[in-house]
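Letters go in sequence order (proteins before strands), and every chain restarts at 1.
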2 protein chains.
Amino acid sequence: MSDDLDLTPLRREVLDMIKASARPIKAYELLGLLSRRRGRVARAPTIYRTLDYLTRCGLIHRIESLNAYQACAHAPACPEHVFLICDDCGEVSEIESMDARIALEIASTARQFRAEQVSIEVHGACRACGTETPARAKKP
Amino acid sequence: MSDDLDLTPLRREVLDMIKASARPIKAYELLGLLSRRRGRVARAPTIYRTLDYLTRCGLIHRIESLNAYQACAHAPACPEHVFLICDDCGEVSEIESMDARIALEIASTARQFRAEQVSIEVHGACRACGTETPARAKKP
DNA sequence: TCGCACGTGTTATATTATAACATCACAAGC
DNA sequence: GCTTGTGATGTTATAATATAACACGTGCGA
């Protein structure tokens, strides 16, 4: 995770595809897109290595509970991030919560645990989906 | 997720195996253990259904970033849980952080997001591993 | 020029998870 | 008693996710 980025054409292309996606996107979806763009098949390691690099740089985040990736909403290397994941429509928004961050920091150090990487994923219903008639009005 | 548990022999056996494990345990590890205990192979759906049930009941938690399961440290249905995951020794401890919980509640409702399920996973170094000479002294 | 570091390609395979259907036991209602 | 429905479990097959290991090329400093 050195400070200077090395955005090769492949890495830029994958990053652009992730940014272009309205929702978190999966590795094999990217693989399909990449293959079509290039006119020849891309293989799994290609995409996983690239995702790994972009993640380590802080340009994208992996959403563990979805096995999917999303561009970081807060420039490279935001220190902490909370994902609000709507289980109805699939939308994911990345927010910040300084208070949560501090609380976790305190809780960790109280146990002499040195926190390096925090993942907070909140599943539920977004504004649009949550305000529909209770108990799942969507998707007939 | 009704209130009354239906702990069949299979479910109890799997729950016991998870409780007996010092570390989070993976689905296919459980599958192997179960097969040996019974003297005949158990298949993947058996274990996944059971894990799903135990998770829904709140008896165990799935640790997303590890694809593994751990018994809940706080009786059935604890409302929230933070996992401190040591990347060195693999130990995972489940703690509570009311403050983090409240912070996330506030952040969610501010965005009119109805939170249903929160997953907080903190990777880093536990006390034992973190106090060794800096930069990974372990695992020769 | 040599050799190394590193990005990417390629082949193969490991790991994690689910769909779909079969069977069985038990309980509610006739 | 019998039937029928429901839910747990078994079984077969396959999907989805991820990594190991090695090959190749390019650029760069010794």
Sorted by number, the residues of residues 61-69 of chain A with heavy-atom contact under 4.0 Å to DNA chain D
A/Arg62, A/Asn67

B/S/- along nucleotides 3-11 of chain C (protein heavy atoms under 4.0 Å) is ----SBBBB

For B/Ile47 and C/dA17, give me the distance from atom CD1 to atom C1', rounded to whole Å.
13 Å

Under the side chain to side chain donor-acceptor pair (under 3.5 Å) test, which residues partner B/Asn67, sequence neighbours left out?
B/Arg62

Can you measure B/Leu31 atom CG to D/dG10 atom C1' for me and round it to whole angstrom units?
12 Å

Those residues of residues 18-27 of chain B lying under 4.0 Å from DNA chain D by at least one heavy atom:
none

Residues in side chain to side chain donor-acceptor pair (under 3.5 Å) contact with A/Ser65, at least two apart in sequence or another chain
A/Glu121, A/His123

Hey, mind stepping through A/Leu7 and A/Leu54 against side-chain contact (heavy atoms from CB on, under 4.5 Å) and telling me if it holds?
CA-CA 9 Å; A/Leu7 274 190; A/Leu54 296 172; 4.1 Å; yes

Does B/Asp16 have any side chain to side chain donor-acceptor pair (under 3.5 Å) partners at least two apart in sequence or in another chain, and if so, which?
none

Say whether, by atom type as modelled, one donor and one acceptor occur between the side chain of A/Ser21 and the main chain of A/Pro24 under 3.5 angstrom.
no

With B/Ile106, which residues qualify under side-chain contact (heavy atoms from CB on, under 4.5 Å), at least two apart?
B/Ile102

Where A/Ala103 and B/Ala100 come nearest, the two heavy atoms and their spacing
CB-N, 3.4 Å

Gap between atom CG of A/Leu59 and atom CD1 of A/Ile18 - 0.5 Å precision
9.0 Å

For A/Ser108, what residues pass the side-chain contact (heavy atoms from CB on, under 4.5 Å) criterion, not counting sequence neighbours?
A/Phe113, A/Ala115, B/Leu84, B/Val122

Sequence neighbours excluded, which residues qualify as ring-ring contact (aromatic ring centres under 6.0 Å, His included) partners of B/His61?
B/His81, B/Phe83

Whole-Å distance, A/Asp52 CG to D/dT17 P, equals 18 Å

Could you give the side-chain donor-acceptor pairs of residues 27-48 of chain A under 3.5 Å, partners two or more places apart or in another chain?
from: A/Glu29; atom 1: OE1; to: A/Lys26; atom 2: N; distance (Å): 2.9
from: A/Ser35; atom 1: OG; to: A/Leu31; atom 2: O; distance (Å): 2.8
from: A/Ser35; atom 1: OG; to: A/Ala42; atom 2: N; distance (Å): 2.9

Think B/Tyr48 has a side-chain N or O under 4.0 angstrom from the OP1 or OP2 of C/dA17?
yes

Rounded to the nearest 0.5 Å, how far apart are SG of B/Cys129 and CD of A/Gln112?
13.0 Å

Under-3.5 Å donor-acceptor pair between B/Tyr28 side chain and C/dA17 base:
yes

Which pairs, protein N/O on one side and nucleotides 4-6 of chain D N/O on the other, fall under 3.5 Å?
none

According to side chain to side chain donor-acceptor pair (under 3.5 Å), who are the partners of A/Arg11, at least two apart in sequence or on a separate chain?
none

Can you tell me how far P of C/dT16 sits from CD of B/Glu29, to the nearest Å?
8 Å

Could you state the CG-P distance from B/Leu5 to D/dG7, rounded to the nearest angstrom?
17 Å

